[in-house]
Amino acid sequence: MSESKRLFFALALPDEIQQQIIHWRAASFPPDAGRPVVAANLHVTLAFLGELSAQKQAALETLAGRIRQPGFTLTLDDAGQWLRSRVVWLGTRQPPRGLLQLANMLRAQAARSGCWQSPQPFHPHITLLRDASHAVAIPPPGFCWSFPVREFMLYESQFVRGRTRYTPLQRFPLQP
Ligand code: 2AM
């Protein structure tokens, strides 16, 4: 029997945006504000799936592969803190319709396949700092970070030698 994997669908960030974000973060928050998420782990979660068997993973990959959804432009022009989950995040004031539709489809497919889905409304975000338990001043994002999104990914989340590692397992292209 094969092992289960902890999986989620997400958007990756272009390398240059990733770098600009970490520079802005380093300049904007004091070292004790929280635990920075490493550059390679920055992403926008679309649907968290939890621990899945290989069989269930394959079924969800097939469903995701049937999604016919146009690409869109994502603009990161918002930032904030959720004290309850102790995170500082980067987000978008006006999520593109394509992003909301894509996340809704993936979350609905996941729910129908028996993956527990949070009842919270989808709030697209990139977690920048974890364990941010004290309120911090959030400066507005420094640049206009806008980039085209042409695909989404299935990631595996692993905890290896004390570090969280997200490994892309599969790419799903969006329509041109
Ligand atoms: P977060 O960044 O807001 O914590 C991988 O764990 C990704 O899935 C993270 O980006 C995390 O969002 C998201 N996620 C959503 N629901 C989750 C859950 N119940 N457990 C762990 N991660 C979850």
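Every number for a ligand or one of its atoms is a count from 1 in the order of the listing.
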Counting from 1, what ligand 1 atoms have a heavy atom of H43 closer than 4.0 Å? 7 (C), 9 (C), 10 (O)

Any atoms of ligand 1 less than 4.0 Å from a non-hydrogen atom of H125? List them with their elements. 1 (P), 2 (O), 3 (O)

Atom of V44, atom of P124 and distance for their closest heavy-atom approach: CG1-CB, 4.1 Å

Tell me which protein heavy atom sits closest to atom 22 (N) of ligand 1, plus the residue, atom name and distance to 0.1 Å. F48 CE1, 3.5 Å

For R6, atoms of ligand 1 separated by under 4.0 Å from a heavy atom: 20 (N), 21 (C)

Below 4.0 Å from any atom of ligand 1, is there a heavy atom belonging to T45? yes

On a heavy-atom basis, the closest approach of A39 and Q19 is CB-NE2, 4.4 Å

Out of Y166, F48, F159, which residue meets the side-chain contact (heavy atoms from CB on, under 4.5 Å) rule with R6? F48

Testing the basics here: between E61 and F172, what is the closest heavy-atom pair and its distance to 0.1 Å? O-CE2, 3.5 Å

In terms of side-chain heavy atoms, does Q101 have a donor or acceptor partner in Q69 at a distance below 3.5 Å? yes

Atom 1 (P) of ligand 1 - nearest protein heavy atom and its distance: T127 OG1, 3.4 Å

How far is atom 4 (O) of ligand 1 from its nearest protein heavy atom, and which residue and atom is that? R130 NH1, 2.9 Å

Tell me yes or no: between the side chains of Q20 and W145, is some donor less than 3.5 Å from an acceptor? yes

